[in-house]
Amino acid sequence: MGKEIGITVKKSEDFSEWYTQTVIKSELADYAPVKGLIVLRPDGYSIWESLKSSLDTKFAATGHRNGFLPSLIPESLLAKEKDHFAGFNPEVFWVTKSGDSELGDRLALRPTSETLAYTLFSKWIRSWRDLPLKINFWNTALRAEIKATKPFLRTSEFLWQEGHTVHMNMEEAEKEVTDILSLYKKTVEEELAIPVITGKKSEKEKFVGAVYTLTMESLMPDGKALQMGTSHFLGQNFSKPFDVKYADKENVESYAWQTSWGVSWRLIGGMIMVHGDDKGLVLPPRVAPIQVIIIPIYYSDEDKEKIQKISQEIEEKLRESKIRVQVDNREQLTPGFKFNDWEMKGIPLRIEIGPKDLEKNKVTFARRHNRQKDDQEIVGLVDRVISELDKIHEDMFADAKKILDDKTVEVNNYDDFKTELEKGRLIKAPICDNPKCEEEIKEETSADVRVITENSSDTSSKCIKCSNQSVIRPLFARGY
RNA sequence: GGGAGCGUGGUCUAGCUUGGUAUGAUUCUGCGUUUGGGACGCAGAGAUCGCGUGUUCGAAUCACGCCGCUCCCA
C-alpha cells in the first residue's frame with residue numbers, strides 16, 4: 001500500500017505522464033478551468049519570484065528599469081510590422097466586444113509587446129540624450145495553443161519578462177543583445193543549475209521581425225531541446241514603421257537601433273524535466289521555496305519536548321542566516337510519510353532529528369538530489385548547511401552538464417543523423433547555405449536547427465542533405 | 001493537421017452490456033493510541049454521476065447533441 005500516493009510512473013518509462021504528475025502533485029501548479037491555462041500555486045510562484053529577483057538585480061545593475069504595459073493592443077498597431085503580424089496572427093486572442101456592443105478596432109490580448117511599446121518609444125524619444133532607453137516589463141503574454149498544451153512549456157498564457165531597448169547605433173544594440181544572453185545564461189546556470197548552449201537561431205527559426213535572434217538551448221531527458229531564452233537584435237526593422245527616431249549631436253534625425261529579449265516560466269518547466277526523478281521534483285537550492293526541512297522524530301513525551309525545542313533552535317539559527325527553513329510539526333503523520341512527501345516536493349536538504357541523533361549531539365542530513373544520508377555535528381551546523389546547499393547546486397549542475405555533453409554528438413551524414421536523432425541526441429551536423437535543406441530536414445525528421453554556436457563555420461564538409469559544400473555546423477534536435 | 005482514450009464525493013475508482021439515485025479505497029474532521037522510510041482503532045463529513053435534450057412509471061446506465069480534459073503521431 002501507499003505506492004499510489006506518489007508519482008505512479010517512472011520518468012524513464014512515461015516521461016510525459018511523469019512530467020504532468022510531478023507538476024500537479026508537487027503543487028507547483030494546477031490546471032485552470034480553461035483549456036491551455038494553468039494556475040501557479042505558491043510553491044511554483046515562489047520559484048518564479050526567485051528567478052525574477054535574480055534577474056531584476058542584474059537588469060538594474062546594467063541600467064534597465066521596469067515598467068508596465070496594458071494587455072490590450074489595437075489591431076492597427078499590431079499589424080504595423082507585416083512579418084511580425086503574420087507570424088503572430090494565428091495565435092492571437094481577439095477582443096471584439098465590450099458588453100454587447102461591437103468594438104470598432106479589434107483588440108488583441110498581447111502576444112508580445114513590441115508594437116505597443118514602440119509606439120510609446122516614438123513619443124518618448126526626441127534626441128540622443130534620451131538614449132539608450134532600457135526598459136523591462138514583467139507581465140504575461142497570450143498565445144492561443146489549440147493543441148498539445150503542457151504546463152509551463154506550452155500554455156496559452158504565460159508569465160515572462162520582456163525587455164526592450166533603444167540605442168543610437170548598431171554596435172551598442174548588438175552589444176546589448178549579447179550582454180543579455182550572457183546574463184540569462186548566468187541566471188539559468190547559477191539559479192536553476194541547468195547547463196545551456198548559446199548561439200544564434202537560423203534565419204528560419206529567428207523571431208519574426210528580428211534581424212537575428214540569439215538563443216540559449218538545453219536538452220531535456222526525452223531528447224527534445226528546450227529554448228530557454230532569446231535575445232533579439234531588431235536592427236531598424238521596428239524603428240522605421242514605428243517612427244522611433246532621435247536627433248543626434250549635429251541635429252540630424254536618424255532611426256534608432258533596437259533590441260528585445262525575454263525568458264518565461266518555461267524555465268521552471270526545464271528545471272522540472274532536467275532535475276526531477278522517479279520520486280518527483282528535485283529543486284535546485286537557490287530557487288527552492290523551502291531549502292531545508294526539519295523532521296523531528298520522537299517516541300515519548302519527554303523526547304518530544306526535547307526534540308521540538310532543539311528543532312526550533314536550529315530553525316531559528318538557520319533563518320538568521322537567511323536560509324529558507326521549516327520544521328514539519330504535523331503530528332498526525334509519521335516520519336516516513338513526511339520523508340516521502342518532502343521528497344516529492346523536491347526540498348534539497350532534509351534534517352532529521354531524533355533521540356538517536358541527540359545522544360551523539362548530532363543530526364541526520366538527507367540530500368534530495370542523490371538521496372545520501374549522513375550524521376552531522378550540531379556544533380557549527382549553520383555553516384555546514386550553507387556549504388551543503390552550495391555543494392548540492394554544484395553537483396546538480398555537474399550531473400546535468402555531463403548528460404548534456406554526453407548527449408551532444410557530431411555526425412557527417414544523413415543516416416547517422418537520423419539514427420542519433422532517434423536516440424534523443426543534440427546533433428552537430430554540417431549543412432550548406434540553401435535554406436531548402438534545413439526545411440526538408442525538418443519536414444522529414446521534425447528536427448530543426450536549435451542553435452548555431454560560435455566558431456561553427458565549416459566549409460570543408462558536405463551538407464548532410466544535398467552533399468554540396470557545407471557552410472556551418474549547427475546543432476539540431478527536435479524541439480518543444 | 002491526423003489519431004486514441006477519458007469525464008461518478010477533494011483524489012483514484014466499482015457499477016453501464018442486461019435502467020430501479022451509487023461500490024471500495026484514500027483524503028478530510030474529532031477523540032485515543034502511534035512516530036528512524038508512506039501507522040492504527042472508533043465515530044463522523046463529503047456526489048445535482050461533465051452539460052443539455054429525448055425515450056421511460058423510473059436514467060450514472062439507453063439515444064442524440066454539446067462541452068471539457070489527457071495522451072500519441074505529423
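Letters A, B, ... are given to chains in the order of the sequence lines, protein chains preceding strands, and every chain is numbered from 1. As the structure is a prediction and not an experimental result, all values here were calculated from the model. Computed from heavy atoms alone, side chains included, the values below leave out hydrogens, waters and symmetry copies.
When each of B:U70, B:G37, B:C72 is scored by its nearest atom to the side-chain atoms of A:Ser16, the top-ranked nucleotide is B:C72.
Note: NZ (A:Lys25) to P (B:G38) measures 18 Å, nearest angstrom. If you measure from atom CD of A:Glu27 to atom P of B:U27, you get 15 Å, rounded to the nearest angstrom. B:U11 atom C1' lies 15 Å from atom OH of A:Tyr31, rounded to whole Å. Distance, A:Tyr19 OH to B:C72 C1': 18 Å, rounded to whole Å. One interatomic measurement links the two molecules: CZ of A:Phe337 to C1' of B:C40, which rounds to 15 Å at whole-angstrom precision. Summarising the geometry, the separation between OH on A:Tyr480 and C1' on B:C72 is reported as 13 Å, rounded to the nearest angstrom. Atom CZ of A:Phe15 and atom P of B:U70 are 17 Å apart (whole Å). Spacing between atom NZ of A:Lys442 and atom C1' of B:G1 amounts to 15 Å, rounded to whole angstrom units.
Remark: A:Thr115 OG1 to A:Arg110 CZ distance equals 11.0 Å, nearest 0.5 Å.
B:G68 is paired with B:C6 under the Watson-Crick or G-U wobble criterion, all donor-acceptor distances under 3.5 Å. As the counterpart of B:A74, no nucleotide is assigned, since no Watson-Crick or G-U wobble pattern has both distances under 3.5 Å. Base pairing of B:C49: no nucleotide in any strand meets the Watson-Crick or G-U wobble criterion (both distances under 3.5 Å). The partner of B:U33 is B:A39, judged by Watson-Crick or G-U wobble contacts that both fall below 3.5 Å. Remark: B:G44 base-pairs with B:C28; criterion is Watson-Crick or G-U wobble with both hydrogen-bond distances under 3.5 Å. Look at B:U56: it lacks any Watson-Crick or wobble partner with both distances under 3.5 angstrom.
One finds no salt bridge joining A:Glu438 and A:Lys204 here, because no Lys/Arg side-chain nitrogen approaches an Asp/Glu carboxylate oxygen to under 4.0 Å. A:Glu388 and A:Arg367 are joined by a salt bridge, as a carboxylate oxygen and a charged side-chain nitrogen come within less than 4.0 angstrom of each other. Taking 4.0 Å as the cut-off between side-chain N and carboxylate O, A:Arg473 and A:Glu410 count as a salt-bridged pair.
Only the P atoms considered, B:U18 is 9 Å distant from B:C62, to the nearest whole Å. The gap from the C1' atom of B:G1 to that of B:C16 amounts to 34 Å, rounded to the nearest Å. Nucleotides B:G36 and B:C31 are separated by 27 Å at their C1' atoms, to the nearest Å. B:A47 sits 8 Å from B:U8 when the C1' atoms are compared, rounded to a whole Å. Comparing the P positions of B:G10 and B:C51 gives an interatomic distance of 13 Å, to the nearest angstrom. Using atom P as the reference point in both B:U61 and B:G65, the two lie 16 Å apart (nearest Å). Nucleotides B:G7 and B:U11 place their P atoms 14 Å apart, quoted to the nearest Å. When the P atom is compared between B:C12 and B:U70, the two are found 13 Å apart, to the nearest whole Å.
Between A:Tyr184 and A:Trp261, the ring planes are perpendicular. Angles over 60° get that label, and only those under 30° would be called parallel. Aromatic ring orientation, A:Phe158 versus A:Trp160: perpendicular (interplanar angle above 60°, classes split at 30° and 60°).
Among the protein residues, A:Arg478 comes within range of no part of the nucleic acid, since none of its heavy atoms lies under 4.0 Å from any strand.
Side chains of A:Thr155 and A:Thr149 form no contact here, defined as non-hydrogen atoms less than 4.5 Å apart. Within the 4.5 Å cutoff, the side chain of A:Phe15 has no heavy atoms near those of the A:Lys224 side chain.
Remark on RNA chain B: of its neighbouring residues A:Glu443 and A:Thr20, the 5'-side contact belongs to A:Thr20, judged by nearest-heavy-atom nucleotide.
Base orientation of B:U21: syn, the glycosidic angle falling within 90° of 0.
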Query raised in the report: When you check every protein heavy atom under 4.0 Å of nucleotides 30-36 of chain B, what one-letter string (B, S, -) results, 5' to 3'?
Result: ----BBB
Requested in this report: Would you check, one step at a time, whether the test side chain to side chain donor-acceptor pair (under 3.5 Å) holds for A:Asn340 with A:Lys279?
Outcome: CA-CA 8 Å; A:Asn340 285 286; A:Lys279 300 219 73 170; 2.7 Å; yes
